[in-house]
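What follows is a short report on a single structure.
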Amino acid sequence: DVAKAYVTVPATARLSVTSNSRSGYRIDFHSQGDFFESVDVAGFGNIVHLGADGGSIVQRGPLPPQLSHELGFRFTLRPGTLPGVYPWPLRLSVQAL
């Protein structure tokens, strides 16, 4: 993966959101790693490109009271990243709109 300069992690995370917000919700992705330049997140109907500092995805309502998403990721690695085992580089939080 390091030689390709990216790592693909297909459909490895399941996110379930329960909300009574009529407006929807925002999912914030907080970066916890310094080995990637960007990440593409799949699982919301299209691919969302986020930078190394993370970002947000907004799901506007009205939405069903509970939604599940299977998320896949493609991390573009920083030059000089060495092969190895790294901790999961993203933390998620959800906020009602």
Side-chain angles (χ1 to χ4, degrees):
D1 293 332
V2 171
K4 295 185 293 188
Y6 65 86
V7 175
T8 301
V9 188
T12 57
R14 180 173 291 235
L15 173 68
S16 294
V17 178
T18 302
S19 174
N20 60 1
S21 171
R22 294 178 189 225
S23 300
Y25 53 87
R26 182 183 76 227
I27 303 167
D28 296 318
F29 292 81
H30 307 277
S31 177
Q32 299 187 139
D34 60 356
F35 62 88
F36 68 96
E37 290 184 336
S38 63
V39 59
D40 293 330
V41 182
F44 297 101
N46 56 3
I47 295 175
V48 178
H49 184 78
L50 303 173
D53 57 346
S56 299
I57 296 174
V58 175
Q59 298 287 291
R60 299 221 180 264
L63 298 168
Q66 183 164 354
L67 282 174
S68 292
H69 305 281
E70 288 192 23
L71 306 181
F73 304 89
R74 181 175 178 159
F75 295 94
T76 300
L77 302 175
R78 289 188 189 276
T81 299
L82 300 174
V85 177
Y86 293 87
W88 187 250
L90 295 173
R91 180 176 47 87
L92 282 72
S93 62
V94 179
Q95 301 272 333
L97 297 178

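Counting from 1, the numbers follow the sequence of the chain as shown. A quick note: this is a predicted structure, and the numbers were derived from the prediction, not measured.
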Tyr25 and its side chain to side chain contact (heavy atoms under 4.5 Å, CB included) partner, picked from Ile57, Val58, Leu67, Thr18: Leu67
Would you say the side-chain atoms of Thr76 pair up with the backbone N or O of Glu37, donor to acceptor, closer than 3.5 Å? no
Evaluate the side-chain proximity of Phe35 to Arg78: yes if any heavy-atom separation is below 4.5 Å, no if none is.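 No, too far: nothing below the 4.5 Å cut-off.
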Hey, does Gln32 have a side-chain heavy atom less than 4.5 Å from the side chain of Pro87?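 A side-chain contact under 4.5 Å is absent here.
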Heavy atoms only: give me the nearest Ser16-Ser68 pair and the separation to one decimal.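 Closest pair (atom of Ser16, atom of Ser68, distance): OG-OG, 3.1 Å.
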Joint cluster assignment, [X] & [Y], ILVMFWY side-chain distance < 4.5 Å:
| X | Y | value |
| --- | --- | --- |
| Leu77 | Tyr86 | yes |
| Leu15 | Phe75 | yes |
| Leu92 | Leu97 | no |

I would like to know whether Ser56 and Asp28 meet side-chain hydrogen bond (donor to acceptor under 3.5 Å, both in side chains); could you show each step before the answer? CA-CA 4 Å; Ser56 299; Asp28 296 318; 2.4 Å; yes
Look up atom OG in Ser21 and atom CG in Leu63, then write down how far apart they are to the nearest 0.5 Å.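 It is 8.0 Å, given to the nearest 0.5 Å.
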Distance col, row Arg74:CZ vs Ile47:CD1, nearest 0.5 angstrom, shows 9.0 Å
Measure up the Phe29 and Phe44 rings against each other and bin them: parallel (under 30°), tilted (30 to 60°), perpendicular (over 60°). perpendicular
Over 60° means perpendicular and under 30° means parallel, so tell me whether Trp88 and Phe73 are parallel, tilted or perpendicular. perpendicular
Can Leu50 and Phe36 be said to form a side chain to side chain contact (heavy atoms under 4.5 Å, CB included), step by step? CA-CA 11 Å; Leu50 303 173; Phe36 68 96; over 6 Å; no
